[in-house]
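Below you'll find the structure, written out as structure tokens, and then a few comments.
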Amino acid sequence: MTGFKSDFLNILKQRSFIHQSSDLEEIDQLAVERKLSAYTGFDCTAPSLHIGNLATLMILYWLQKTGNKPVILMGGATTMIGDPSGKEETRKLLSLRKIKTNSESIETLFKKLFPSGSSLQDPLILNNEAWLTKINYIDMLRDIGSHFSVNRMLTMDSVRLRLERQQEMSFIEFNYMILQAYDFVHLARTWGCNLQIGGSDQWGNIIAGMELGRRMYALRLHALTTPLLTTASGEKMGKSSGGAIWLDPNLCMPYAYWQYWRNVEDTDTPRFLRQFTTLPPDEINRLELLRGTEINEAKKILATEATAFLHGREAAETAAETARLVFETRISSENLPSINVTRQELESGFGLLKALVICKFATSNSEARRFIKGNAVHINDRLIQDEQHRLSSEDADEKGIIKLSLGKKRHFLMKII
RNA sequence: GGAGGGAUGCCCGAGUGGUUAAAGGGGACGGGCUGUAAACCCGUUGGCUAUGCCUUCGUAGGUUCGAAUCCUACUCCCUCCA
């Protein structure tokens, strides 16, 4: 019904992943013949990817699932330059060491998400450091630079928007596009890549690569971008409660990740179900029709499925169960974040303020005081208004657990041992 | 190389000698209403051993009873001219 011959494009269409593309018919044909080899490049500006990267990851997942080959490119070298696309100002240059540790930590995610067997569809994980750092400047200018028109580059959004706003654009950033274009051509020649996938802000960089391939070697390369992810209220996705939602479980626990999806806006739920779960379309259609409070059922499924995709089924079920106990039965689950406290430590006087700082609800005693003043702090569901309160075994339940709560949603356990 | 403008809290931005821990807005967080939603209303948004003390308006000095505000030097950014 969606009109493509390949499963790959049909799925992408159904799940609203296609924003812009080069010749879809050709991509369709390649996918049918299982000759599609698509790459996405990832910046190494942070130690983990975040929710904003998820759409491209999902596409790579479907690509592999439908019998084509995903190629993941770590931007070890391009991160040294800094992509100006979609950014209002120059990003500070990262130290080479930082980039290295970032790329290593991101790579572990890919190894987990795209396990290798020994088939043709095994993912390829590469780092452009391998070739870009070996380039000689004069050769580069003669072989590659000569194919680029500055006139044309100035019309690209990444450059044009900066110029129009009279914002600084350094020469190093101006070159970013050329390096990414070269990456595409290199991957095409060396590994047979014929498609590049990216967020919508990558369109200019991607077609620069397509054009370079055509000019240098008459290659037929293709482009596909995903819509920029925003929430219904128009915010960039992935920002919440003071920061990005990271994909690395060490930076964002599965429980917190589950909570993020549980708390999305109603109007986003159907789209997120399609994009970030692998549920069959029938099931999604059914969930989309839920309205009012029933939509909470859909959100729970969204949370569990999205978490399962990233952290595995078991972690997702645990998170779901923890949430169910905490929110629906008010029993504190053992799986909430916690620390152990000895009875001795407790008896020697354990201030509530200190406890709130330890469990990271507050960053200072002053902030903890403010929370208490604002009626935000509960111990075992009992409102505490005395900032001098000292924790004791009397605060614990029969199992010897003290549950600290900040607001309705954040809980932390202190287990007396 | 010459001339001018600027740097304020998470971000934007007002303030040009005392009532300024610094207006206003945004964001974030908390409370209320709800459905762990949105919208809306209210509150908070430097630190501490806390009716007080300490630190903060690019950096380092100085003037003054008193400085984000005045002076000097330095650093960085921007605009115009060459």
Side-chain angles (χ1 to χ4, degrees), chain A residues 87-93 162-170 230-245 253-273 287-288 290-304 306-307 319-333 335-337 348-354 356-357 359-379 381-390 403-412:
Chain A
K87 299 197 180 66
E88 301 214 338
E89 49 192 55
T90 309
R91 196 189 269 270
K92 283 205 178 64
L93 288 177
R162 287 277 188 93
L163 294 177
E164 279 174 4
R165 290 181 197 145
Q166 307 210 338
Q167 280 158 341
E168 171 81 3
M169 167 99 174
S170 69
T230 52
T231 66
S233 13
E235 288 150 7
K236 256 191 166 175
M237 266 199 59
K239 300 283 178 189
S240 156
S241 56
I245 299 294
M253 291 173 56
Y255 175 72
Y257 191 76
W258 193 94
Q259 283 297 324
Y260 174 79
W261 293 107
R262 176 64 182 85
N263 284 300
V264 297
E265 293 177 32
D266 285 6
T267 40
D268 285 327
T269 310
R271 194 180 83 218
F272 289 171
L273 277 167
L287 294 171
E288 276 182 18
L290 298 176
R291 288 289 176 275
T293 48
E294 287 187 328
I295 206 168
N296 286 323
E297 288 313 307
K299 286 187 189 177
K300 285 179 206 168
I301 294 171
L302 167 66
T304 303
T307 307
E321 179 59 12
T322 303
R324 195 185 66 79
L325 288 173
V326 172
F327 287 97
E328 292 174 25
T329 69
R330 298 251 147 233
I331 297 169
S332 47
S333 161
N335 290 310
L336 286 169
S348 62
F350 206 103
L352 176 58
L353 296 176
K354 182 178 157 197
L356 290 170
V357 173
C359 66
K360 302 224 169 70
F361 285 169
T363 53
S364 66
N365 284 1
S366 299
E367 192 179 18
R369 270 178 233 269
R370 273 185 243 121
F371 280 132
I372 294 170
K373 247 180 221 145
N375 289 343
V377 178
H378 294 252
I379 295 177
D381 299 314
R382 195 161 48 87
L383 178 66
I384 303 294
Q385 288 174 300
D386 173 19
E387 43 180 71
Q388 299 302 330
H389 186 88
R390 298 198 158 272
K403 180 173 80 167
L404 290 175
S405 306
L406 179 70
K408 286 179 292 193
K409 296 183 185 176
R410 297 168 67 187
H411 306 281
F412 189 90

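It should be emphasised that the depicted structure is a prediction, and the values quoted were computed from it without experimental measurement.
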Separation of [X] atom [atom1] from [N] atom [atom2], in whole Å?
X	N	atom1	atom2	result
A/Leu406	B/U36	CG	P	18 Å
A/Glu294	B/A37	CD	C1'	15 Å
A/Phe272	B/A37	CZ	P	16 Å
A/Ile372	B/C29	CD1	C1'	15 Å
A/Asp266	B/A37	CG	C1'	4 Å
A/Phe371	B/A28	CZ	P	14 Å
A/Arg291	B/U34	CZ	P	22 Å
A/Ile384	B/G31	CD1	P	15 Å

Just to be sure I understand the rule, does [X] reach a base, reach only the sugar-phosphate, or reach nothing, if contact means heavy atoms closer than 4.0 Å?
X	value
A/Lys373	nothing
A/Phe327	base
A/Ser366	base

Rounding to the closest angstrom, what is the interatomic distance between [N] and [M] at atom [atom1]?
N	M	atom1	result
B/C11	B/A28	C1'	11 Å
B/C70	B/C65	C1'	16 Å
B/G13	B/C81	P	25 Å
B/G6	B/G58	C1'	11 Å
B/U45	B/A39	C1'	23 Å
B/A7	B/A60	C1'	16 Å
B/G46	B/A22	C1'	12 Å
B/U75	B/U64	P	28 Å

Distance-only, no hydrogens or angles: does the [X] side chain make a donor-acceptor pair with backbone N or O of [Y] under 3.5 Å?
X	Y	result
A/Thr304	A/Ile301	no
A/Glu294	A/Leu290	no
A/Lys300	A/Ala320	no

Below the 4.0 Å mark, does [N] have OP1 or OP2 next to a side-chain nitrogen or oxygen of [X]?
X	N	answer
A/Lys408	B/C29	no
A/Arg370	B/G47	yes
A/Arg369	B/U49	yes
A/Asn375	B/G32	no

- Working for salt bridge (charged side-chain N to carboxylate O under 4.0 Å, His left out), residues A/Glu321 and A/Arg324: CA-CA 5 Å; A/Glu321 179 59 12; A/Arg324 195 185 66 79; 3.2 Å; yes

- Nearest-nucleotide wise, let me know which of A/Lys299 and A/Gly407 is further upstream toward the 5' end of RNA chain B. A/Gly407

- Task: Could you pick out which residue, A/Lys409 or A/Gln388, lies toward the 5' side of RNA chain B when each is mapped onto its nearest nucleotide?
- Result: A/Lys409

- The reported gap from CG in A/Leu302 to OG1 in A/Thr269 (rounded to nearest 0.5 angstrom) is 6.5 Å

Can you identify which nucleotide, out of [options], has its nearest atom closest to the [X] side chain?
X	options	result
A/Ala376	B/A38, B/G30, B/G35	B/G30
A/Ser364	B/C48, B/G35, B/U36	B/C48
A/Trp258	B/U36, B/G47, B/G35	B/U36

- Message: Once hydrogens and angles are ignored, does a donor-acceptor distance under 3.5 Å link the base of B/G47 to the side chain of A/Asn365?
- Response: no

- Message: Given the structure, check if the side chain of A/Glu367 and the base of B/U45 hold any donor-acceptor pair shorter than 3.5 Å.
- Response: no

Heavy-atom closest contact ([X] atom, [Y] atom, distance):
X	Y	value
A/Lys299	A/Glu265	NZ-C, 4.1 Å
A/Arg390	A/Gly351	NH1-N, 3.5 Å
A/Thr307	A/Tyr257	OG1-CD2, 3.7 Å

- Item | Watson-Crick or G-U stems involving RNA chain B, each at least 3 pairs long, distances under 3.5 Å, ordered by first number | B:1-7 with B:75-81, B:10-12 with B:24-26, B:27-32 with B:40-45, B:46-48 with B:52-54, B:58-62 with B:70-74

- Between A/Val377 and A/His389, does a side chain to side chain contact (heavy atoms under 4.5 Å, CB included) hold up when you go through it step by step? CA-CA 11 Å; A/Val377 178; A/His389 186 88; over 6 Å; no

